Amino acid sequence: MFRSKIIVVKIGGSTLGQNDTTLEDLVNLQKKKVPVVVVHGGGNAVTDWLSRLHISTRFVQGLRVTDEDTLKVVTAVLAGLINKELVSEISRRGGKAVGISGADGAIVMGTNKNRELGLTAEELTVNSHLLKALLNAGYMPVIAPVCINARAGDRDDNNLLNVNGDTIAAEIAAALDARKLIFLTDVPGIYDDSRQVITHIDVGRARNMIESGTASGGMVAKLEAGVIAARKVSLTRIIDGRVAHALIDEIEGKGKGTTIVNQQ
Ligand SMILES: Nc1ncnc2c1ncn2[C@@H]1O[C@H](COP(=O)(O)OP(=O)(O)O)[C@@H](O)[C@H]1O
Ligand SMILES: [Mg+2]
């Protein structure tokens, strides 16, 4: 079966720091002609700006409950500030990046079926046309997790929806038939009940871990994302983004962490 060379990298909000080598690694991959699509979070920065603006914030199963004001801040901070900071940092290191959101080129359309989460999209459809055009032109797309509300003007007036970064990364990886989906996060991998890193996990065990509560908070979205990506048999990896050159090690097959596969 045809398999693209594309790699999708999700940069967790929790690992974006000054001493981070991730952006340097991304530029090196681009120089080696590896087609890379980046999806970023930025949850901490959103929480910081929400508190500066005195807007309270709440999470359900690791997903932010988004009201109208929160959505405005999410869009401004993620698709604005964080996205442009990343693009300029990549550019400064000699890379070619284009910062967009899931809304641009109508890449991602979503609906907020679960009203408990407010304006957070869950069911997503992806049109990868713009991403392929950018990759073919030698650019690294850097995507903020915001999408178009597929029902805007129908049920409500919100044109945009917030999306969890892990979920959008998985849907994009599946739509691109990506070779690999890599989550850079702030733990060495997925822990089992005794806090040992699990090296391989299949979709069935991933579901069990969510149900049993062994995985909680932000890890639930990552496991669910692995399940989504596995539909298209793309390989999902969860690695420690705090380790220097974790991404290059991963590409060279020296990476530690957890692999989510379709079947064990
Ligand atoms: N079983 C588990 N294994 C590893 N981490 C877990 C597990 N259950 C919950 N977590 C939490 O998930 C967090 C990673 O998700 P998150 O905070 O959303 O990071 P990111 O910014 O990378 O998305 C970890 O820091 C950890 O606190
Ligand atoms: Mg997260």
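Because the structure is predicted, anything quoted here is derived from the model rather than measured. Excluded from the calculations below are hydrogen atoms, water molecules and symmetry mates; all remaining heavy atoms, backbone and side chain alike, are included. Whatever order the structure lists ligands and atoms in, that order sets their numbers, starting from 1.
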So is [X] touching ligand 1 or not, going by heavy atoms under 4.0 Å?
| X | answer |
| --- | --- |
| S216 | yes |
| G217 | no |
| G189 | yes |
| K222 | yes |

**Message:** I'd like to know if I148 and V108 are part of one continuous hydrophobic network [Ile/Leu/Val/Met/Phe/Trp/Tyr, side-chain heavy atoms within less than 4.5 Å].
**Reply:**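 Different hydrophobic clusters.
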
Would you mind running through ligand 1 and noting each atom that sits below 4.0 Å from a heavy atom of [X]?
| X | answer |
| --- | --- |
| I190 | 3 (N) |
| G12 | 20 (P), 21 (O), 22 (O) |
| K10 | 23 (O) |
| A215 | 1 (N), 8 (N) |

**Request:** Begin from the C-alpha positions of R58 and E116 and carry the test salt bridge (Lys or Arg N to Asp or Glu O under 4.0 Å) through to its verdict.
**Result:** CA-CA 11 Å; R58 182 163 76 81; E116 197 193 351; 5.5 Å; no

**Asked** Quick one: do the D67 and T70 side chains pair a donor with an acceptor below 3.5 Å?
**Response**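 Short answer, yes.
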
**Message:** For a quick check under 3.5 Å, do T22 and D25 share a side-chain donor-acceptor pair by atom type?
**Reply:**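 No donor-acceptor contact under 3.5 Å links the two side chains.
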
**Request:** Take I11 and L26 through the test side-chain contact (heavy atoms from CB on, under 4.5 Å) and record every step on the way to the result.
**Result:** CA-CA 11 Å; I11 311 179; L26 286 169; 4.1 Å; yes

**Message:** Does only the side chain of T214 get under 4.0 Å from ligand 1, or the backbone, or both, or neither? Count heavy atoms.
**Reply:**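 The part of T214 near ligand 1 is the backbone, not the side chain.
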
**Request:** Give the contacting part of T185 toward ligand 1: side chain, backbone, both or neither, where contact means a heavy-atom distance below 4.0 Å.
**Result:**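 Both the backbone and the side chain of T185 come within reach of ligand 1.
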
**Message:** Can you tell whether the side chains of K256 and D240 come within less than 4.0 Å, N to carboxylate O?
**Reply:**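 Between D240 and K256 there is no salt bridge, as every charged N stays at least 4.0 Å from the carboxylate O atoms.
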
**Request:** Carefully, step by step, assess V227 and R207 under the rule side-chain contact (heavy atoms from CB on, under 4.5 Å).
**Result:** CA-CA 8 Å; V227 174; R207 289 207 178 95; 3.4 Å; yes

